[in-house]
Amino acid sequence: MADDRFHVYDTTLRDGAQQEGLNLTVADKLAVARHLDGLGVGYIEGGWPGANPKDTEFFRRARTELDLKHAQLAAFGATRRAGMRAADDPQVAALRESGAPVVTLVAKSHDRHVELALRTTLQENLAMIRDTVSHLRAEGQRVFLDAEHFFDGYRSNPAYALEVIRTAAEAGADVIALCDTNGGMLPDELADVVHEAVRTSARVGIHCHDDTGCAVANTLAAVKAGATHVQGCANGYGERSGNANLFTVVANLQLKRGFDLVPQDALADMTRIAHAITEVTNVTPNSHAPYVGTSAFAHKAGLHASAIKVDPNLYQHIDPALVGNDMRMLVSDMAGRASVELKGRALGYELTPEHTKSLVERVKDLESRGFTFEAADASFELLLRDTVHGERKRHFDVESWRVIIERTKGGELVSEATVKLHAKGERIVATGEGNGPVNALDKAVRLALEQLYPELAKLELVDYKVRILEGTHGTDAITRVLITSSDDTAEWATVGVAENIIDASWQALEQAVTYGLLRAGRETP
Ligand SMILES: [Zn+2]
């Protein structure tokens, strides 16, 4: 477990998930949590159990499916409602029952918000904080408090804002995170207020939004003023202009301020982790992101090129390797020798140096064409098997497929797919109908194969993600499809890339079925 003296607290799964266009399934959330744990953050806020069924489900599944090495989970929720006991509030009960070792309670610290939004008295708001914090503490959970609208509240009524801090600390909250909820602060003014908050002798944390473009700067200023708990989101996700980018915050504090926040080797994996998370969120990565962007250490050739060759440090603020980035223009997520070897071992393969070399080359080549293997573990394993065992025999050979999309008189769109394939010496033709072309193809291929491989009945397509990738060197845009499939016991993901979306989907689908058959113990005939 991480050192308690300074907290790196991630809120991607709660606050970050507020970003427009960002939609995470429970499986996505579990995947993001694993990546964040890999970076070595201390706390992962999983969501708001009780208020959001998906988040309740997340905490339930996390108990059996998450094996966190560094991080502890935090459940987010509000102080009890006015006029009742915390012990009787069902929303507080959901926090208790989440099983999370930490509860982060959001509380009002702005007098006007108490009166206008909560519609209660300033005294009752303090009682709500005192009661909820001490109740959860007595039930054995650690409590952090998010003081919402703290900086605007301090401007409106400084005595009351500070009283909120004292009340929470006295009731047993370990940290009071001061939230710049509207994100309007600038570093100098924010630091002055943090100083005042630290003087209450409560332990102070910081939670910044980026509406002034200062979320990271504000976070650093707060740390200088005495905050010992920083909150932020992976890749700066969040509503409006986003939250403080936790990767930038961690890199700045560790590399420029000498803090020892995450293991050195985990920091050296940060670029890969940042990109792996974008594959889960399906948000195009910001190539200009500090430290982890593909352009963060990319130099325009020409003027500087020769000098860079002599001494790269003349043109870069840190050694990019410290955060797993590269001075080269292209960052290949998987293509490093070490990571391919590691991944192979995790899958149970001991790779010879020749295998590793040829696999790295294939991965590099495919990634340059738009494939990604970070989020497509099953495609990677198929590639690896081909490398180790030679091109595998197929469970089935596809003769052809076609899809028809029809708009009926009633305005309904119906897709019909026909698949012709050869398996176990037979030629099979099957037709499937679906609400979309991919759905129809999925049905047709399964119908064709289920007669020969009944275990395919358990296979299910659980997620489908599409991303349009910009073409390079004057070519057209290409489409990348990631498909997640499952049987009774596991999920796996496959990837397809093509100019045509249905072609890309078909590639991912064919691999998904092949991998499903391998999982079911069907060695190729
Ligand atoms: Zn926030």
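Read the numbers this way: they start at 1 and go in the same order the structure lists the ligands and their atoms.
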- Confirm or rule out an N/O/S atom of Cys179, from backbone or side chain, lying less than 2.8 Å from the Zn ion (ligand 1). no
- Message: Within 2.8 Å of the Zn ion (ligand 1), is there any N, O or S atom belonging to Glu239?
- Response: no
- Task: Please determine if Arg203 and Asp4 form a salt bridge, counting it only when a charged side-chain N lies under 4.0 Å from a carboxylate O.
- Result: yes
- For the Zn ion (ligand 1), find the closest N/O/S atom on His209 and give its atom name. NE2
- Query: What are the two closest non-hydrogen atoms of Tyr237 and Cys233, and how far apart are they?
  - Reply: O-CB, 3.2 Å
- So, are Glu279 and Arg480 salt-bridged, with charged N and O less than 4.0 Å apart? yes
- How is the N/O/S atom of Asp15 that comes nearest to the Zn ion (ligand 1) named? OD2
- Report yes or no: does Thr11 contribute a side-chain atom to a donor-acceptor pair with the main-chain N or O of Glu45 at less than 3.5 Å? no
